[in-house]
Amino acid sequence: PRYHAGEVVWVNPTRPASVGMDALLMHGRAETASIAVVLGVLESHAKGMLVLSQYGSGIRREFEAAQWRAVHVYGRD
């Protein structure tokens, strides 16, 4: 896989990810000190859903766009 569990990645939380890019999905609720995140390739952003191929497992997962946001992941260079 491109990224491994426990690896540090840098993101720009103000820059949305585009389809085909590495993306970090962040749950929209920031009520607590920790939030749920998922790292992978953004496959689709249509019909109110975000579709992501998750790194590590390769599983395609769907998320409600109203509750999650996909942010840009900076490359390793």
Cluster check Met26, Leu52: I/L/V/M/F/W/Y, side chain < 4.5 angstrom: no
Under 3.5 Å, sequence neighbours excluded: what are the donor-acceptor pairs made by side chains of residues 37-50?
from  : atom 1 : to    : atom 2 : distance (Å)
Glu43 : OE2    : Ser53 : OG     : 2.9

Counting only pairs under 3.5 Å, give me each side-chain donor-acceptor contact of residues 57-64, with atom names and distances, residues two or more places apart or in other chains.
from  : atom 1 : to    : atom 2 : distance (Å)
Ser57 : OG     : Ile59 : N      : 3.3
Arg61 : NH1    : Gln54 : OE1    : 3.0

From CA spacing to verdict: side chain to side chain contact (heavy atoms under 4.5 Å, CB included), Val9, Tyr74: CA-CA 7 Å; Val9 297; Tyr74 288 107; over 6 Å; no
Separation between CZ of Arg69 and CG of Leu24, rounded to the nearest 0.5 Å: 9.5 Å
Pairs flagged by salt bridge (charged side-chain N to carboxylate O under 4.0 Å, His left out) wherever residues 12-23 is involved - sequence neighbours left out: Arg2-Asp22
Joint hydrophobic cluster, Val71 plus Tyr55, side-chain heavy atoms closer than 4.5 Å: yes
